[in-house]
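Input: a single structure, listed below in structure tokens.
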Amino acid sequence: MVRKAGKSELEILANLAALMWSGHSVSELFHEFSEIIMKENAQFFLKFENDVPVGFAQCQLRYDYVEGTKTTPVGYLEGIFVKEGNRSKGYAKQLLAACEAWAKDNGCREFASDCEIDNTGSFYFHKAMNFTEANRIICFTKVL
């Protein structure tokens, strides 16, 4: 079962997200998600197996330019994760479908995403979900 996540499930979301974004603490993600979940342009979804949360997806509406798109707003997959032992069961596909339906219900005609250039698992997931690669970039920073 996939369902929209509410404020009462922020701890579940933060714990799952910390497994994916290991550079962030559960507390940090909890506070970040607390702010995001209050916005009307963002939505979280949770996937359950036998009443146990095993995955999540975060999506939002983007009104700025999104690489490779022609319309606005664009539904955007900000993050998607399924626990290791629950992969290859179609759960990520179900989470993505919920995000796409939410975006469509919110007036989007296009949906986009990104992944790190060396994240081959994410790259192959996106290709399998019929995403078209729009561009490849390498970002640079320096301290002034």
Side-chain angles (χ1 to χ4, degrees), residues 1-69 72-106 108 110-144:
M1 167 177 103
V2 171
R3 71 171 190 237
K4 286 183 180 180
K7 289 183 253 182
S8 65
E9 296 162 313
L10 284 169
E11 190 171 336
I12 294 169
L13 288 167
N15 278 296
L16 287 168
L19 295 171
M20 178 173 63
W21 292 312
S22 59
H24 299 278
S25 70
V26 171
S27 174
E28 182 182 11
L29 290 164
F30 182 91
H31 291 296
E32 181 180 332
F33 290 175
S34 295
E35 292 177 16
I36 293 170
I37 208 162
M38 299 302 288
K39 299 177 182 178
E40 292 182 15
N41 69 339
Q43 185 63 57
F44 292 91
F45 292 92
L46 282 166
K47 171 64 184 174
F48 292 85
E49 182 179 83
N50 300 321
D51 296 322
V52 176
V54 296
F56 86 100
Q58 175 190 355
C59 56
Q60 73 178 50
L61 306 178
R62 289 206 180 176
Y63 293 89
D64 55 332
Y65 174 71
V66 174
E67 188 76 36
T69 64
T72 191
V74 172
Y76 204 88
L77 182 65
E78 301 292 342
I80 189 165
F81 175 80
V82 175
K83 286 182 174 180
E84 187 89 26
N86 301 96
R87 295 182 182 161
S88 300
K89 297 180 178 182
Y91 294 168
K93 184 176 185 174
Q94 292 171 16
L95 286 161
L96 176 61
C99 289
E100 290 173 343
W102 175 83
K104 193 172 182 178
D105 288 346
N106 280 276
C108 296
E110 294 179 282
F111 196 84
S113 183
D114 63 59
C115 71
E116 296 289 331
I117 203 159
D118 61 346
N119 188 339
T120 55
S122 182
F123 174 80
Y124 289 118
F125 167 75
H126 283 84
K127 296 297 277 181
M129 296 298 108
N130 297 315
F131 280 92
T132 300
E133 186 174 328
N135 196 4
R136 288 188 180 224
I137 62 170
I138 298 173
C139 301
F140 297 94
T141 65
K142 67 178 177 180
V143 176
L144 297 178

Minimum heavy-atom separation for Val66 and Ala112, please, with both atom names. CG1-CB, 3.6 Å
To the nearest 0.5 Å, what is the distance between CD (Gln43) and CG (Asn41)? 10.5 Å
Dump the intermediate steps for side chain to side chain contact (heavy atoms under 4.5 Å, CB included) on Phe81 and Arg87, then the final yes or no. CA-CA 9 Å; Phe81 175 80; Arg87 295 182 182 161; 3.3 Å; yes
SG of Cys99 to NZ of Lys4: how many Å apart, nearest 0.5 Å? 11.0 Å
On a heavy-atom basis, the closest approach of Leu61 and Cys108 is CD2-SG, 3.4 Å
For Leu46 and Leu95, which heavy atoms make the closest approach, and how far apart are they? C-CD2, 4.0 Å
For the residue pair Tyr91 and Val2, establish whether any side-chain heavy-atom pair is separated by less than 4.5 Å. no
All heavy atoms of Cys115 vs all of Ser122, minimum pair found to be CB-OG, 3.1 Å
Output for pair (Ser25 OG, His31 NE2), nearest 0.5 Å, gives 8.0 Å
Would you indicate whether Lys89, at its atom NZ, is surrounded by more than 12 heavy atoms from other residues, nucleotides or ligands within a distance under 6.0 Å? yes
What distance separates Glu100 CD from Phe111 CZ, expressed to the nearest 0.5 Å? 5.5 Å
Minimum-distance pair of heavy atoms, taken over all atoms of His24 and Leu29: CB-CG, 3.8 Å
Kindly determine whether Lys47 and Val82 satisfy side chain to side chain contact (heavy atoms under 4.5 Å, CB included), including the steps that lead there. CA-CA 8 Å; Lys47 171 64 184 174; Val82 175; 5.9 Å; no
Supply the atom-to-atom distance Phe125 CZ to Lys93 NZ, rounded to the nearest 0.5 angstrom. 9.5 Å
I'd like to check Phe131 versus Leu96 (side-chain heavy atoms, cut-off strictly below 4.5 Å). Are they in contact? yes
Distance from Arg3 atom CZ to Glu9 atom CD, nearest 0.5 Å? 4.5 Å
Is Phe56 close to Ile12 at the side-chain level, that is, under 4.5 Å between some pair of heavy atoms? no
Does any non-hydrogen side-chain atom of Gln58 lie less than 4.5 Å from one of Phe33? yes
Would you say His126 and Leu77 make side-chain contact, with heavy atoms under 4.5 Å? yes
Would you indicate whether Glu35, at its atom CD, is surrounded by more than 12 heavy atoms from other residues, nucleotides or ligands within a distance under 6.0 Å? no
Does Met1, at its CE atom, have more than 12 non-hydrogen atoms belonging to other residues, nucleotides or ligands within less than 6.0 Å? yes
Step through the shown structure and confirm whether more than 12 heavy atoms of other residues, nucleotides or ligands are within 6.0 Å of CD on Glu11. no
So which atom in Phe45 and which in Leu13 form the shortest heavy-atom distance, rounded to 0.1 Å? O-CD2, 4.4 Å
Polar side-chain atom of Asn106 near backbone of Trp102 as donor-acceptor pair, under 3.5 Å: yes
Tyr124 atom OH, neighbour heavy-atom count above 12 within 6.0 Å: no
